Amino acid sequence: MDTIDFLKNIELFHCLDEDEIAAVISRIKTKAVQKNTQVIIAGDTSSTLYIIKEGSVNVVARNEEGKEIVLSTLRTGDIFGELSLFDDKPRSADVVTVENSVLLSLYKADFLELLSQNPKIALQVIKYLCQRIRFTNGITQNLALMDVYERLRNFLYEMATPEADDRLVINKPMTQTEIASHIGSGREIISRILSELVEGEYISIEKKIITIHKKLPKGR
């Protein structure tokens with residue numbers, strides 16, 4: 001898919017006509033980024049918006065002790081880094097590529113010029129930011145109201161894809177530490193829960209690939 005067709009399918013820009021899309025493209029930079037590259041560093045004062053054309057990234061927060069939690073995994077079509085375009089505050093989280101990715105970047109000055117020339121984009125930005133707030137609120141509620149097992153159960157189902165014989169498979173190899181980071185828990189707790197699920201023949205794990213063989217129990 002070329003960049004014009006790609007941007008037409010991005011919520012932020014789908015309201016624009018072809019000439020307006022062309023104006024956006026004239027300001028965009030395209031960059032191939034390798035896996036495990038830190039695109040944004042928390043505390044940095046850069047002000048660039050990124051759009052994922054190919055690949056995926058993790059948005060990661062860390063506390064003073066260095067413990068991290070993956071706030072979200074963003075994929076093709078998602079946008080990140082937009083907040084610094086408006087509030088001039090340092091970056092609030094790290095963003096790291098999960099796989100080799102292609103990112104489109106738009107500098108603050110160019111983006112603000114687009115806003116002034118295309119008020120329709122401003123409305124889309126407001127809608128997009130509202131969606132992000134709702135999404136963040138959902139994460140906060142999950143961390144506050146769900147216990148570790150519930151968060152792990154939901155995470156496994158969200159990551160899994162259907163295979164033959166009614167199995168669900170998480171095709172991306174994941175360590176226990178990575179899983180713990182995604183759901184805001186410690187590795188030891190995750191290890192214990194996964195072991196219990198393996199013993200109960202709910203799941204199997206081979207080379208860090210998790211297969212769900214039957215419906216995971218709701219309560220513990």
Side-chain angles (χ1 to χ4, degrees), residues 1-62 68-86 90-115 117-118 120-122 124-125 127-129 131-132 135-136 139 155 158-161 169-175 178-179 181-182 208-209:
M1 182 184 298
D2 62 27
T3 304
I4 290 180
D5 290 335
F6 174 74
L7 289 181
K8 283 181 179 178
N9 290 311
I10 300 297
E11 186 172 0
L12 201 59
F13 302 114
H14 73 79
C15 61
L16 305 182
D17 60 32
E18 289 199 1
D19 289 339
E20 292 167 332
I21 288 286
V24 174
I25 291 175
S26 69
R27 294 168 169 81
I28 277 179
K29 309 295 182 185
T30 303
K31 184 177 181 179
V33 184
Q34 292 186 337
K35 178 182 178 180
N36 295 327
T37 298
Q38 193 161 3
V39 181
I40 288 179
I41 300 173
D44 188 18
T45 56
S46 61
S47 53
T48 303
L49 175 148
Y50 295 91
I51 306 168
I52 304 173
K53 188 175 184 184
E54 298 175 16
S56 57
V57 304
N58 280 339
V59 181
V60 181
R62 293 182 174 87
E68 67 178 43
I69 178 172
V70 178
L71 299 177
S72 61
T73 298
L74 305 179
R75 298 178 173 82
T76 300
D78 286 330
I79 296 169
F80 62 93
E82 71 283 351
L83 292 181
S84 66
L85 301 184
F86 300 102
R91 301 289 196 179
S92 58
D94 296 331
V95 178
V96 182
T97 51
V98 177
E99 57 190 314
N100 293 342
S101 303
V102 176
L103 304 179
L104 307 180
S105 61
L106 189 59
Y107 294 118
K108 178 177 181 177
D110 292 326
F111 186 71
L112 293 181
E113 184 178 353
L114 283 171
L115 286 182
Q117 295 174 353
N118 299 279
K120 289 182 289 187
I121 296 181
Q124 293 303 115
V125 169
K127 290 181 178 179
Y128 179 78
L129 292 176
Q131 290 176 354
R132 293 297 293 270
F135 177 75
T136 302
I139 292 176
F155 175 73
E158 287 171 2
M159 294 294 293
T161 54
V169 180
I170 300 175
N171 292 302
K172 178 183 181 298
M174 298 190 72
T175 66
E178 288 173 327
I179 294 173
S181 295
H182 274 276
K208 302 177 184 177
I209 298 292

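For the numbers below, each heavy atom of this structure counts, side chains included, while hydrogens, waters and symmetry mates do not. The structure displayed is predicted, hence computed values, not measured ones.
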Straight-line distance of Asn171 CG to Thr161 OG1, nearest 0.5 Å | 4.5 Å
Under a 4.5 Å cut-off applied to non-hydrogen side-chain atoms, are Ile209 and Pro173 in contact?
-> yes
Enter the distance from Lys172:NZ to Glu178:CD here, rounded to the nearest 0.5 Å.
-> 4.5 Å
Determine whether Leu104 and Leu7 make a side-chain contact, defined as any pair of heavy atoms from C-beta on separated by less than 4.5 Å.
-> yes
Using modelled atom types only, decide if a donor and an acceptor are shared between the side chain of Asn100 and the backbone of Lys35 within a distance under 3.5 Å.
-> yes
Side chains of Met174 and Met159: closer than 4.5 Å at any heavy-atom pair?
-> yes
Heavy-atom closest contact (Pro90 atom, Gly43 atom, distance) | CB-O, 3.5 Å
Among Thr97, Ile52, Val96, find the residue that satisfies the side chain to side chain contact (heavy atoms under 4.5 Å, CB included) test when tested with Val39.
-> Thr97
Sub-4.5 Å side-chain heavy-atom contact between Leu103 and Phe80 | yes
Are the side chain of Asn58 and the backbone N or O of Val60 linked by a donor-acceptor pair below 3.5 Å?
-> no
Taking NZ, NE, NH1 and NH2 as the nitrogens, is one of them in Arg27 or Glu113 under 4.0 Å from a carboxylate oxygen of the other?
-> yes
Side-chain touch Phe111/Glu82, heavy atoms, less than 4.5 angstrom = no
Could I get the full list of salt bridge (charged side-chain N to carboxylate O under 4.0 Å, His left out) partners for Asp94, not counting sequence neighbours?
-> Arg62
If you measure from OG on Ser105 to CD1 on Ile28, what distance do you get to the nearest 0.5 Å?
-> 8.0 Å
Side chain to side chain, Val98 and Arg75, heavy atoms closer than 4.5 Å | no
Report the C-alpha separation of Phe6 and Ile51 in whole Å, then their side-chain angles, then the decisive distance to 0.1 Å, and conclude whether the side chain to side chain contact (heavy atoms under 4.5 Å, CB included) test is met.
-> CA-CA 10 Å; Phe6 174 74; Ile51 306 168; 3.8 Å; yes
What do you reckon, is CD of Glu18 surrounded by more than 12 foreign heavy atoms closer than 6.0 Å?
-> no
Considering all heavy atoms of both residues, which atom of Thr73 and which atom of Ser56 are nearest to each other, and what is their separation?
-> CG2-CB, 4.5 Å
Check whether any side-chain heavy atom of Leu114 sits under 4.5 Å from a side-chain heavy atom of Leu106, and report yes or no.
-> yes
